[in-house]
Amino acid sequence: MTEPRSWLFVPADSERKVMKALDSEADAIIFDLEDSVALGQKASAREVLQNLPKRSGGPEWWVRINPIGSEYHKDDLHLIAIADLHGIVLPKAESGADVTRLAHRTGNIPIHAIVTETAASLFGLLSYRDPKSPLAAMSWGAEDLSAALGAASKYDANGELSFTYRLARSLCLAGAAAAGVQPVDGVFADFKDSDGLRAEAEAAAREGFTGKLAIHPAQVPPINAAFTPARGDIRHAEEIVAAFEAHPDAGVLSVGGKMVDRPHLMQARRVLERARGD
Ligand code: COA
Ligand code: MG
């Protein structure tokens, strides 16, 4: 599978959680060296990663390093020598230039950038469109952004995410689509609220995100389910593709009593690709 549906964070200094994550159903694990690891634990967290057991299949392995410019960043980069590492998660990215800078130091290992965590980052979301870049995914985060903006809360009076963070989310989605990389929805922090998570993940999937960050193993199955095309959607997509194959010269057709044209065909093909796990 090229695009992980669930990306499970695990603090790399906790061997116990790391072992649990390796056993989870996540499509990708993000071993975290950044915000979930206390400053005094950075070195021992790196050591846990250096001693990961040999793998045979299972989830992709990604490491979230500390941001460019932080004093831990350089030492974190040594971890790319871990043989089974699939890629690097770069937090607090502000533009495509950050990805390029990192790629110069890391060769062409895939990069997943978290692209809405600083004030400046919101102005950089169109800058990730470099066809030579090893960028593979973009996700968004509200926690660091609200701290950077001096917000008392990221929620409005009705308990909904405030406009600024919804804007960040949409810019991430459009920026990732523009760059041709996977758009990944941010974390749902209330890990005991599985109904809330399911609703948020399903909404993200409807909007075009193809995966979501997770912070707890219990979040993985609902996320995987939300980003797996439903049987009805697959059938409908097959009907659309079949209709255009039967009428190769048609620009617009009627399928199931509704108009379908080129954008519907593209969408249908994407659903079928995801259903096949391409
Ligand atoms: N990965 C792997 N295992 C995890 C896990 C994770 N992200 N989160 C929890 N677990 C394990 C726990 O260790 C516990 O196992 P145990 O009973 O064998 O010790 C089990 O799952 C149940 O955990 P639970 O008691 O429900 O949660 P908790 O109070 O131990 O932990 C958090 C809650 C939020 C601290 C924890 O989920 C966590 O560390 N999440 C990741 C945070 C992170 O990486 N943030 C950075 C990105 S925003
Ligand atoms: Mg953070």
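For the atom pair CG of Asp27 and CD of Glu3, the computed distance is 10.5 Å after rounding to the nearest 0.5 Å. Residue Ile65 holds its CD1 atom at 5.0 Å from CG of Leu77, rounded to the nearest 0.5 Å. Note that CG of Asp193 is 9.5 Å distant from CD of Gln219, once rounded to the nearest 0.5 Å. Atom CG of Leu49 is separated from atom CD of Glu15 by 10.0 Å, given to the nearest 0.5 angstrom. Atom CD of Glu25 is separated from atom CG of Leu8 by 11.0 Å, given to the nearest 0.5 angstrom. Taken to the nearest 0.5 Å, the CZ atom of Arg46 stands 11.5 Å off from the CG atom of Asp13.
Judged by distance alone, the side chain of Asp156 and the main-chain N or O of Asn158 form a donor-acceptor pair under 3.5 Å. Although no hydrogens or angles enter the test, the distance criterion places a donor-acceptor pair under 3.5 Å between the side chain of Ser14 and the main chain of Lys17. Of the possible donor and acceptor atoms, none in the side chain of Tyr155 sits under 3.5 Å from a partner among the backbone N and O of Ser162. Within the 3.5 Å criterion, the main-chain N or O of Val37 finds a donor-acceptor partner in the side chain of Lys42. Side chain of Glu94 to main chain of Thr118: no donor-acceptor pair is present (N/O by atom type, distance under 3.5 Å, no hydrogens or angles). A donor-acceptor pair under 3.5 Å links the side-chain atoms of Thr116 to the main chain of Gly141, judged by distance alone. Of the possible donor and acceptor atoms, one in the side chain of Asn66 sits under 3.5 Å from a partner among the backbone N and O of Leu33. A donor-acceptor pair under 3.5 Å is formed between the side chain of Ser44 and the backbone N or O of Gln41. Counting only distance, with no hydrogens or angles, the side chain of Asp32 and the backbone of Ser36 share a donor-acceptor pair below 3.5 Å.
The ring-ring contact (aromatic ring centres under 6.0 Å, His included) analysis of residues 3-54, with sequence neighbours excluded, yields the pairs Trp7-Trp62, Trp7-His112, Phe31-Trp61. Sorted by first then second residue, the ring-ring contact (aromatic ring centres under 6.0 Å, His included) pairs that include residues 253-278, not counting sequence neighbours, number zero.
Looking at heavy atoms from C-beta onward, Leu90 lies out of side-chain contact with Arg101 at the 4.5 angstrom threshold. Between Val260 and Gln267 the shortest side-chain heavy-atom distance does not fall below 4.5 Å. For the pair Ser133/Tyr128, no side-chain contact is recorded, criterion being any heavy-atom separation below 4.5 Å from C-beta on.
By the side-chain hydrogen bond (donor to acceptor under 3.5 Å, both in side chains) test, Glu47 pairs with no residue at all, sequence neighbours left out.
Other members of the cluster containing Met266 do not exist, because no ILVMFWY side chain is joined to it at under 4.5 Å. Taking Ile, Leu, Val, Met, Phe, Trp and Tyr as hydrophobic and joining them when side-chain heavy atoms fall under 4.5 Å apart, one finds Tyr72 in a cluster with Leu39.
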- Task: Decide yes or no on side chain to side chain contact (heavy atoms under 4.5 Å, CB included) for Ile114 and Val89, but give the supporting numbers first.
- Result: CA-CA 7 Å; Ile114 310 181; Val89 177; 3.8 Å; yes

- Any chance you could lay out the side chain to side chain contact (heavy atoms under 4.5 Å, CB included) test for Leu85 and Ile109, step after step, and finish with the verdict? CA-CA 9 Å; Leu85 196 63; Ile109 187 163; 4.1 Å; yes

- Item | From CA spacing to verdict: side chain to side chain contact (heavy atoms under 4.5 Å, CB included), Met138, Leu125 | CA-CA 10 Å; Met138 286 163 63; Leu125 282 146; 4.0 Å; yes

- Query: Does the pair Asp76 and Val63 meet the rule for a side chain to side chain contact (heavy atoms under 4.5 Å, CB included), with working shown?
  - Reply: CA-CA 9 Å; Asp76 290 350; Val63 172; over 6 Å; no

Could you pull out all donor-acceptor pairs under 3.5 Å where a side-chain atom in residues 226-236 meets a protein atom, sequence neighbours excluded?
| residue | atom | partner | partner atom | Å |
| --- | --- | --- | --- | --- |
| Thr228 | OG1 | Arg5 | NH1 | 2.8 |
| Thr228 | OG1 | Asn224 | O | 2.6 |

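Between Asp23 and Lys20 there is no salt bridge, since no side-chain nitrogen of the basic residue lies less than 4.0 Å from a carboxylate oxygen of the acidic one.
Side-chain heavy atoms closer than 4.5 Å link hydrophobic residues (I, L, V, M, F, W, Y) into clusters, and following such links, even through other members, never connects Val18 to Phe191.
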